[in-house]
Amino acid sequence: MNSEDTVDVVLIGGGIMSATLGSLISRLQPDWSIRLYERLGRVAQESSNPWNNAGTGHAALCELNYMPESADGTVSAEKAVSINEQFQVSRQYWAHLVESGALPEPNSFINSTPHMTFVRGRSNIEYLKKRVDALDGEPLFAGMEYSEDLDTIAEWAPLLAKKRNPKAKIAATRIESGTDVDYGALTVQMLRDIESRGAEIRTDHQVTWLKRQKDGTWKLRIRNLVGNTPETVRARFVFVGAGGGALSLLQHSGIPEIKGYGGFPISGQFLRTTNPKVVAQHQAKVYGKAAVGAPPMSVPHLDTRVVDGETSLLFGPYAGFTPKFLKSSTWFDLPFSIRLHNLVPMLQVGLRNFDLVKYLVSELLASREAKMKALREFMPTAKSEDWELITAGQRVQVMKKDPKKGGVLQFGTEVISGADGSIAGLLGASPGASTAVPIMLEVMQKCFPDRMAEWEPKIREMIPSYGTTLSDDPDAAAASLARTAAALQITA
């Protein structure tokens, strides 16, 4: 096939989102041609790379930012339940791919890792109690344990309790059905599968321009970075899954739906240890409460990570700022993203988020010792020589118009699609990869509404809960958790 041909689907970006959409389409419409372009030499090297994210199977089991305390002191479980419902959709699809032989041994990308919360101080303990009460009876959160006892917490996660003042006011929750996910490995494996089904994966290829044609197709200009040669291709449908690079490409597309959107880049670092003696003492993902003004992705956590079969511990993230939208892009990403239509929303966000600016400045100025001090709040015995500082992935938070406030900073993901359904893209960050399957189903619903009825039986075969809510049916929730746990070889 030469580069002048028309393909049915072009996927821009070799991350978990493009891999998921390609995987779904290849099963629902196997006669469609699919081509993926990735500008780097390998896929899954930006946000999907395991060292660029925390690997948490974001099911809201431990992430306190999904259940903030409201001004009147109440705590709602609504968002946490919604996030967990979305994760179960992803989990069902991954289980289907394993059962059908499309993915190899599940422990190559997913492993059981208890999810915990950990707080200090009387007010935070009262909050955590409210959170536990709000989740009591929720089928997808069954099995959650709560304790304020140092010895019990020491059994759950020894490093949290070792050499901690026994009079300290602390509390924790634990749920054993949590997971650690290597989204990089999952991406590579899913793309390998769709390639075996006829899709083309082209690395070292950067999409530089795209424009809708009179016949409804999209013409794309691509540069082969090996040899620096240009190519063109036409596509009936384009998905921009380029992470931090999505905003620029969607702006270049000229679709009116992108007007008013901007991006706020946040970088991050983690402390990592591979010391076997330290790693052996911690088997959990432990999340605390975010600092005032901190974005949700900056919630401190001490995590077990399993990458390429090797276990390590991560602590962080420590937020920072760079105008880059990707780790491997340019310092001009932020200024070049500014347009007349998004200038006012971006300025309004800056004026209304002084706490965030203050937090980022404090993080940028923090010394290594200050970073170690933050770690020791979780792990009192942490020794500086055991830990190395690594750079995590770039995240670009969505800024958009708001009728009342002028502009708002949105912590989450947002699907942007053209009115005719011929193009879609994804902006935003957390929970991201964990909810890739429901997000891509949303893309398909928006872009292929006339085909969803035809596809629905196959979708239900792959994702039995599709179109229903597990949290409304305890028996169905328990059955789904048990079935997917068995398929993925993880704790139910």
Compute both the distance and the angle, then confirm whether Arg272 meets the cation-pi test with Trp51: under 6.0 Å from the six-membered ring centre, within 45 degrees of the axis. yes

So does Asp193 pair up with Arg27, basic N to acidic O under 4.0 Å? yes

Is any side-chain N of the basic residue among Glu195 and Arg192 closer than 4.0 Å to the acidic one's carboxylate O? no

How about CZ on Arg42, more than 12 heavy atoms from neighbouring residues, nucleotides or ligands closer than 6.0 Å, or not? no

Should Glu38 and Arg202 count as an ion pair when the cut-off is N to O under 4.0 Å? no

Would you say the ring centers of Phe448 and Trp32 fall short of 6.0 Å from each other? yes

Salt bridge check, Glu126 against Lys130: does any charged N sit closer than 4.0 Å to a carboxylate O? no

So that I can tick it off, tell me whether Lys458 and Glu456 are bridged by a salt bridge, with the cut-off set at under 4.0 angstrom between side-chain N and carboxylate O. no

Is the positively charged end of Lys289 above the ring of Tyr127, judged by distance under 6.0 angstrom from the centroid and angle within 45° of the axis? yes

Whether Glu99 and Arg483 form a salt bridge (side-chain N of Lys/Arg under 4.0 Å from carboxylate O of Asp/Glu) is what I want to check. yes

Taking Arg131 first and then Glu69, would you say they form a salt bridge - that is, a charged N and a carboxylate O separated by under 4.0 Å? no

Can you confirm if the aromatic rings of Tyr183 and Phe109 lie within a centre distance of less than 6.0 Å? no

Is the number of heavy atoms from other residues, nucleotides or ligands within 6.0 Å of CG (Asp308) greater than 12? no

